[in-house]
Amino acid sequence: MMLSGFGVGFRGGGCNCARNPVRRLLLRSPAQATRQPPSDLTKRCIRPTQILRSRSVIVRAIDADDTDDADDVGGEADEGEDEGEVPVEDPDIIETESVELEAVEVVGDEIVAAEIVGDEIVGEVEFDGDLDLGDEDRELLKGNLQEGGDEFERFERARMADQFASQQKEIPEEQEWYYADVAREEHQLAEILHFAGYEELAEKVRENFGDFKISGVQSDLSLIQKGDLFFAEGTEYYDTFEYIPEAMRRGAVGVACEYREDEPDRQEELAVFVEPLLFFPDIQEAMARIGCVFYGHPTKDMNVVGVTGSTGKTTVSWLIRAIFFQHKRSTGIICDTEHAMLNDHLDSDGNIWKTNEPDVAKTREATTPYHITEYTGRYWVEKTIPNALQTQKLLGGMADRGAKACVIECPSVYLMQAHLKYINYTLAVFTNLSPHDMGKEASFEQHTSAMANLFQDLDDPRRQRAIINLDDEHAEEFIQHASKVPVVTYALNGGADVYSLTVKYTIWDTEILIHTPVGKIRVVTALLGEANVMNVLAAVAAGISINIPLKEILDGLEAVEAVPGRGEVIDEGQEPEFSVVVDNAQTPKRLEQLLDNIRNCGVKRILLVLGCKGCENQELRSQMGKVAHFKADTVFFTNDSPRFDSPNSVIDDMILGIPEEVRDRYALWVFNPFQDPGRVPWWFDEYLRAAQKQTRRYVVEDRSLAIRSAIGTAQEGDVVVIAGRGDEDFQEFDDGSGEDLLKGWFDDRAEARDALRKLPYLEKANLDRKEIPWQRQ
């Protein structure tokens, strides 16, 4: 693990590091340094450098005049560079011979650098790492610094703050090697059950199986390892009990499942072959409890933020994570775009995600029209929050890798199902509540109650906070639910703790002047529209609630160039200047909100590319078509993932959203003009194109062609909106059997970038592209 912290300066002696010869003393691990402290330690200020996982140590002298490299630490010396190079296997103390050194590069196991200038304390020293000196060294340092006033107290405060934060100052692109391997350990099953609150079951296990041990817990049949306790979680496609024989063949040593009153005989039969076979009244509750105990209560020392509401959860989660990054906190995230620790994706087991397949997105810029591109080497997570056990696994994986914070997207349906229980939340954020964006798994009241429980469980006013959107009609209810802890409110136009003073919308970005109780900040974000203003305000409120400085909040917000597939602006420097926005709006309400927000940005025209998924609510498709017709200037109806449905039938359902008076104009035509040109005879093609041009409602079944057509037609000041998929980077088609699906790579963002890069070729063709079909000028 790479340890470093936040910057604190010491001043003393008035010396100038830039002008004086510098030498640095390298000690082994700070804990070991107490055994052989250097005789002149009292003359030095200690600072840590990067800690890397390597047994060798290389000290390389750098020319004192090379000031550009003076602050570089952590690289290994180039092969063959002999001058000033001293390899050491396991030193207690290493001292460079030259007093003209400006910097030293170090690779080693827990190495710290002590820096001196002549015989004086360095005038300015950055405290940029995790420093844990022994008592003797601290006393020596204290004796030296007493003459300078409060330097030792400042040193202690910096040390304690760094120990608390323990956060990387810089996050490298490739850093999986910073993480220690997490070893599998055996635990007594009875003890796990006891501490999880299943005392009676624990006694039965102890009586029948003694000190029976497990080395893992697993709910994914494909990931079972020898020694695992397998949780057989039923789904709508498979019966729970069908998993059990396969789980035992794969190495599971026991099985846990939900008791079913309707199948007592089947359960008794399985108990003969599976020992132990554990039954629980609620399998999700059991997974949450046992997972929490097995992984050592992974959030007990974390700052965990739960973000709930109807919309905006993913964007707010990304913004809060970015603020934590700027605050030097090792931060993980669990949301429906990714599970990650710092910059590394995690799989459902909480391990660093890896693949042996080539990444298709790195070998080609876009797909080929009318072809399915094989989906390989791509990181992908289910568009749902993990089950209760996987959530604890992810949090455990983050904790094992040094996470100090985690942001969790908390949809109400998963709060109801115990997926997100037994988590030590520090902040709970409420974005908004709308019956239009709730799933049909439960009633609106049940969804509301599940969200309310998140806030009612906050009971520590010293540590926990609630963040509430005061503009939402349900705000007062949630403020009451969070009555045990301080509440920070936010709103668009005043009356709250955090609110916007002025907002400027453009088709490229949004500028917001924000009032907070601790000052004002001006944020320029690439996130467009009023909905994203509210998301930014929520993140600001979260930041100030735990005393993060405004500068770090601002830096975090502006570091987010895009939230994948959430109003993501695609910019390739296109001329003429128009904007392309990719969004995952999949319900009529969200699509309407998206188009209204973009309309308020001062656009000339909205060109919408819209498709709906197959094998889903047909009524929803016509509602999406209706919103598209009334909210966009030009619409390109296309496919998303047709699955087992016919591609043209999905589009036909969307076309039903176009008002009857428009469709009735063509009721007596031989063919319906609102279909792909490839589905009508050649002689009808000109009539079809004329009708689509007249209504500006085009049908292009191939999604890549629809995106290219929309981008090719856009003019200055227009916005092309590609809706329905967002960051989803695959499509699913019937393989012809009616039983299996083909999965092909398709990313709206990649298709849009490819189309934008090809615009110069269209410019050379001298076409009038204001409307389709394009005409030669």
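Shortest non-hydrogen contact noted between Ala450 and Met416 is CB-CG, 3.3 Å. When every heavy atom of Arg696 is checked against every heavy atom of Asp633, the shortest pair comes out as NE-O, 3.2 Å. Heavy atoms only, all atoms of each residue included: Leu223 and Ser348 are closest at CD1-OG, 3.8 Å. Shortest non-hydrogen contact noted between Val217 and Lys393 is O-NZ, 2.7 Å. Closest non-hydrogen pair, Val699 versus Gln692, comes out as N-OE1, 3.3 Å. Here the shortest heavy-atom pairing between Phe280 and Ala256 reads CE1-CB, 3.6 Å.
Side-chain contact of Gln390 with Asp220: a donor-acceptor pair under 3.5 Å is absent, judged by distance alone. The closest side-chain donor-acceptor pair between Thr314 and Asp336 falls under 3.5 angstrom. For the residue pair Glu701/Tyr370, the side-chain donor-acceptor check at 3.5 Å is not satisfied.
A 6.0 Å sphere centred on CD of Glu661 holds more than 12 heavy atoms belonging to other residues, nucleotides or ligands. The local environment of CD in Glu246 is crowded, with over 12 non-hydrogen atoms from other residues, nucleotides or ligands closer than 6.0 Å. Within a 6.0 Å radius of CH2 in Trp683, more than 12 heavy atoms belonging to other residues, nucleotides or ligands are found.
By the 30° and 60° cut-offs, the orientation of the rings of His419 relative to Tyr414 is tilted.
At least one test fails for Arg378 against the ring of Trp380: distance under 6.0 Å to the centre or angle within 45° of the axis.
Put simply, the side chain of Arg663 reaches to within 4.5 Å of the side chain of Leu656, judged on heavy atoms. Using a 4.5 Å heavy-atom cutoff, the side chains of Leu395 and Ile334 are in contact. Here the side chains of Tyr666 and Leu668 are not in contact, with every heavy-atom distance at 4.5 Å or above. In this structure, the side chains of Pro677 and Arg689 come closer than 4.5 Å at one or more pairs of heavy atoms. Residues Thr391 and Ile423 have side chains in contact (heavy-atom distance under 4.5 Å, counting atoms from C-beta outward). Pro386 has its side chain within reach of Leu394: a pair of non-hydrogen atoms, C-beta onward, lies under 4.5 Å apart. Looking at heavy atoms from C-beta onward, Val580 lies in side-chain contact with Leu756 at the 4.5 angstrom threshold. Residues Leu607 and Val721 are not in side-chain contact: their nearest non-hydrogen atoms beyond the backbone lie 4.5 Å or more apart.
With respect to the salt-bridge test (charged N to carboxylate O, under 4.0 angstrom), the residues Asp640 and Arg703 do not qualify. By the 4.0 Å N-to-carboxylate-O rule, Lys421 lies close enough to Glu285 to be salt-bridged with it. Under the 4.0 Å criterion applied to side-chain N and carboxylate O atoms, Asp735 and Lys743 are not assigned as salt-bridge partners. Using a 4.0 Å cut-off between a side-chain N of Lys or Arg and a carboxylate O of Asp or Glu, Asp754 and Arg708 qualify as a salt bridge. Ion pair Glu728/Lys613 flagged as a salt bridge, since at least one NZ, NE, NH1 or NH2 atom sits closer than 4.0 Å to an Asp/Glu carboxylate oxygen. Salt-bridge annotation for Glu338 and Arg321: present, with a side-chain N of the basic residue lying under 4.0 Å from a carboxylate O of the acidic one. Looking at Arg643 and Glu732, a side-chain N of the basic residue comes within less than 4.0 Å of a carboxylate O on the acidic one, giving a salt bridge. Salt bridge Arg753/Glu365: absent, no basic N to carboxylate O contact under 4.0 Å. Under 4.0 Å is where a charged nitrogen must lie from a carboxylate oxygen, and between Arg566 and Asp583 no such pair does.
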Given Ile655 and Phe674, is the side-chain contact (heavy atoms from CB on, under 4.5 Å) satisfied, shown in steps? CA-CA 7 Å; Ile655 294 297; Phe674 296 110; 3.9 Å; yes
Assess whether salt bridge (Lys or Arg N to Asp or Glu O under 4.0 Å) is satisfied between Asp645 and Arg621, documenting all intermediate values. CA-CA 13 Å; Asp645 285 345; Arg621 299 171 191 170; 2.8 Å; yes
Given Thr367 and Trp745, is the side-chain contact (heavy atoms from CB on, under 4.5 Å) satisfied, shown in steps? CA-CA 8 Å; Thr367 61; Trp745 176 63; 3.8 Å; yes
Worked check of side-chain contact (heavy atoms from CB on, under 4.5 Å) between Asn648 and Asp676: CA-CA 8 Å; Asn648 61 310; Asp676 189 275; over 6 Å; no
Evaluation steps, salt bridge (Lys or Arg N to Asp or Glu O under 4.0 Å), between Glu771 and Lys693: CA-CA 7 Å; Glu771 299 288 349; Lys693 180 177 180 180; over 6 Å; no
Please assess Gln225 against Arg250 for the test side-chain contact (heavy atoms from CB on, under 4.5 Å), listing each intermediate value before the final yes or no. CA-CA 7 Å; Gln225 298 184 50; Arg250 289 174 177 263; over 6 Å; no
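When each of Asp747, Val720, Ile722, Ile707 is paired with Val582, the side chain to side chain contact (heavy atoms under 4.5 Å, CB included) condition holds for Ile722 and for no other. Each of Phe746, Tyr379, Tyr375 was evaluated against Phe730; a single residue qualifies, Tyr375, per the ring-ring contact (aromatic ring centres under 6.0 Å, His included) test.
One N or O on the side chain of Thr376 and one on the backbone of Pro358 form a donor-acceptor pair closer than 3.5 Å.
In this structure, CG in Asn351 is found 8.0 Å from CG in Leu346, a value given to the nearest 0.5 Å. Atoms CG and CZ, from Asp652 and Phe637 in turn, are 11.0 Å apart once rounded to the nearest 0.5 Å. Rounding to the nearest 0.5 angstrom, the gap separating the CE atom in Met654 from the CD atom in Gln618 is 12.0 Å.
For Ser219, the side-chain hydrogen bond (donor to acceptor under 3.5 Å, both in side chains) partners two or more places apart in sequence, or in a different chain, are Asn387.
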